[in-house]
Amino acid sequence: MNDRDRGNPLSDEITTKRTSIPDSEVTFENAWGICDEDIYYQSLKKADLESASNHPFFQFIMTTSNHKPYTFPDNKINLKQGNREAAVKYTDFALGQFIKQAKTKKWFSNTVFVIVADHCASSAGKWEINVDKHHIPAIIYNLNQKNEKIDKLVSQIDVMPTLFGYLNWKYNSSFFGKDISKMNSSDERAFMGNYRTLGLLEGTTFTEINDRKKVIQYHWNSNNKVLEPKKNHKRFPKKQNYFLLSNSK
């Protein structure tokens, strides 16, 4: 929303189409919309239609059942509604059911699933960034290769370049992100932000720039999850400085 005002060159040629979901296909809804199982049902139905027409398809699904008021369909899990733990367990249950059903589809073997969070709970802040609340999982599932776990300091912006690398795609883009399977340790970094502040974590150095373009640096103690202000700022690399400034406009 309003991305053009923030300097992101979105095309005016993008068209959108709203599709009404029949009441008969809604089993549960709250203020956020339909429950995760219902949105996954719509995803499977749409994928079946595209596959039957021999059309490759891309879907973006945003689930919301793990948000307040933490309500979801009854008799799905063994926890009561109304708290985050139960909502997260239902979210996990619904995702598992979605993958289980997808495995029965003809298109499954030719489909890659990317599962990623946006942030942890209670990550929002008016100014300060809670680094630990931006430590999120990311899974690329159903690639035709050996499973592996990558423990590097990376960001959401690296997900798509990494996926394209696994798929051996050749392309030109303006991505800020990198293919983490080819990333050197010196390239590791994580970008994060909230409503008014952007941050860059490199090793144990965390640099913030707010909407007034004030730069503050901290030492990030990953053991006790504490940011300690630095008296002497590390020289801020020109490339990262450009990135943060260009995205804080």
Side-chain angles (χ1 to χ4, degrees), residues 1-3 10 14-53 55-126 130 132-143 147 155-157 159-160 163 192-195:
M1 292 179 283
N2 297 322
D3 276 348
L10 292 178
I14 297 175
T15 58
T16 59
K17 179 181 179 182
R18 289 184 176 272
T19 302
S20 297
I21 299 174
D23 289 343
S24 61
E25 295 179 1
V26 176
T27 64
F28 184 91
E29 60 183 319
N30 59 21
W32 285 91
I34 61 177
C35 66
D36 290 1
E37 288 176 280
D38 288 349
I39 195 67
Y40 285 139
Y41 174 81
Q42 296 300 319
S43 167
L44 293 167
K45 186 173 75 168
K46 180 66 174 177
D48 285 344
L49 291 173
E50 296 287 0
S51 177
S53 301
H55 291 156
F57 58 86
F58 169 83
Q59 295 186 1
F60 176 87
I61 307 169
M62 186 174 72
T63 63
T64 59
S65 290
N66 63 334
H67 291 68
K68 287 184 179 179
Y70 309 128
T71 55
F72 46 84
D74 290 326
N75 303 317
K76 298 294 182 176
I77 61 171
N78 60 353
L79 295 177
K80 293 183 179 180
Q81 300 186 36
N83 64 80
R84 180 177 289 122
E85 182 181 358
V88 169
K89 187 168 185 178
Y90 169 73
T91 294
D92 186 65
F93 164 80
L95 177 59
Q97 292 297 107
F98 171 61
I99 296 296
K100 182 178 179 180
Q101 294 173 51
K103 286 181 177 180
T104 67
K105 305 295 185 178
K106 293 181 179 179
W107 44 261
F108 176 79
S109 62
N110 195 39
T111 302
V112 177
F113 301 80
V114 179
I115 304 164
V116 64
D118 50 356
H119 53 73
C120 300
S122 305
S123 65
K126 291 183 178 179
N130 187 325
D132 191 48
K133 296 297 185 180
H134 288 80
H135 188 190
I136 59 174
I139 301 171
I140 300 177
Y141 172 67
N142 211 32
L143 288 170
N147 292 341
S155 289
Q156 290 166 319
I157 60 174
V159 171
M160 298 315 292
L163 173 61
M192 57 198 78
N194 58 25
Y195 302 108

Closest heavy-atom pair and its distance - P73, C35: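 Smallest heavy-atom distance, with atoms named: CG-SG, 3.7 Å.
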Smallest separation among heavy atoms of A138 and V116, with atom names: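 Answer, listing the atom of A138 first, then V116: CB-CG2, 4.0 Å.
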Can you tell me if [X] uses its side chain to pair, donor with acceptor, with the backbone of [Y] under 3.5 Å?
X	Y	value
H67	T64	yes
W32	N66	no
E37	A94	no
T104	K100	no
N30	F72	no

Which value, rounded to the nearest 0.5 Å, describes the distance between [X] atom [atom1] and [Y] atom [atom2]?
X	Y	atom1	atom2	value
Y141	I115	OH	CD1	8.5 Å
D92	T63	CG	OG1	11.0 Å
Y41	T27	OH	OG1	11.0 Å
K106	S51	NZ	OG	8.0 Å
F93	L79	CZ	CG	12.5 Å
I99	N142	CD1	CG	8.0 Å

Does [atom1] belonging to [X] count more than 12 external heavy atoms closer than 6.0 Å?
X	atom1	answer
E50	CD	yes
N110	CG	no
K46	NZ	no
K45	NZ	yes

Trace of the ring-ring contact (aromatic ring centres under 6.0 Å, His included) decision for F108 with F113: CA-CA 10 Å; F108 176 79; F113 301 80; 5.8 Å; yes
Derivation and outcome, side chain to side chain contact (heavy atoms under 4.5 Å, CB included), residues K89 and N78: CA-CA 9 Å; K89 187 168 185 178; N78 60 353; 2.5 Å; yes
E25 versus Q42, side-chain donor and acceptor atoms under 3.5 Å: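 Result is yes, a qualifying pair exists.
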D74 and Q81 side chains, donor-acceptor separation under 3.5 Å: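 Result is yes, a qualifying pair exists.
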Set of residues satisfying salt bridge (charged side-chain N to carboxylate O under 4.0 Å, His left out) with respect to E29, sequence neighbours excluded: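 By the salt bridge (charged side-chain N to carboxylate O under 4.0 Å, His left out) rule, E29 matches no residue at all.
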S43 and Q59: CA distance, side-chain angles, deciding distance, side chain to side chain donor-acceptor pair (under 3.5 Å) verdict: CA-CA 8 Å; S43 167; Q59 295 186 1; 2.3 Å; yes
